[in-house]
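Values below: every heavy atom of this structure, side chains too, minus hydrogens, waters and symmetry copies. Keep in mind it's a predicted model, so treat the numbers as computed, not measured.
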Amino acid sequence: VIIKSHIDGKLNKLSPELSIQIQEDLGSDIMMIFDDCPKPDADYSLLLSSINRTKVWAEKSKKIKKTENLILVLSKVEFTKVLEKYRQNT
């Protein structure tokens, strides 16, 4: 993720790993990971791609995490839609 500083306008890269390191440095009890959030009416293939991207980010976050604090994922994908289409395709 590229974030623009509100202080000096500088562009900063924030990776899943760096995000977890920062949250640990801040002493967070519950940490948030990156989550890809497609539009609710996105195509099935885009929803699956989004879920997989979030999964990769979660794995990277878990791997770098040093504390026993919780990692929270807030997925905004409408899973009922994904599951329904999955069932239809299997």
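Counting only distance, with no hydrogens or angles, the side chain of Ser50 and the backbone of Leu46 share no donor-acceptor pair below 3.5 Å. The closest donor-acceptor contact from the side chain of Asp8 to the backbone of Lys10 lies under 3.5 Å. With hydrogens and angles ignored, the 3.5 Å screen pairs a side-chain donor or acceptor of Ser61 with a backbone N or O of Trp57.
In the hydrophobic clustering of ILVMFWY residues, with side-chain heavy atoms under 4.5 Å counting as a link, Leu18 and Phe34 come out together. Residues Met32 and Ile2 are members of separate hydrophobic clusters, defined by side-chain heavy-atom contacts under 4.5 angstrom among Ile, Leu, Val, Met, Phe, Trp and Tyr.
Between the CD atom in Gln23 and the CD1 atom in Ile20 there is a gap of 5.0 Å [rounded to 0.5 Å]. A distance of 12.5 Å separates CE in Met31 from CD1 in Ile22, rounded to the nearest 0.5 Å.
Under the salt bridge (charged side-chain N to carboxylate O under 4.0 Å, His left out) criterion, Lys55 pairs with Glu59, not counting sequence neighbours.
Looking at every heavy atom in both residues, Lys4 comes nearest to Leu11 through CB-CD2, 3.8 Å. Scanning all heavy atoms of the two residues, the minimum distance from Lys60 to Glu17 falls at CD-OE2, 3.3 Å. The minimum heavy-atom distance between Ile64 and Glu24, with the atom names listed, is O-OE1, 4.4 Å.
In this structure, the side chains of Ile33 and Ser19 stay at 4.5 Å or more apart for every pair of heavy atoms.
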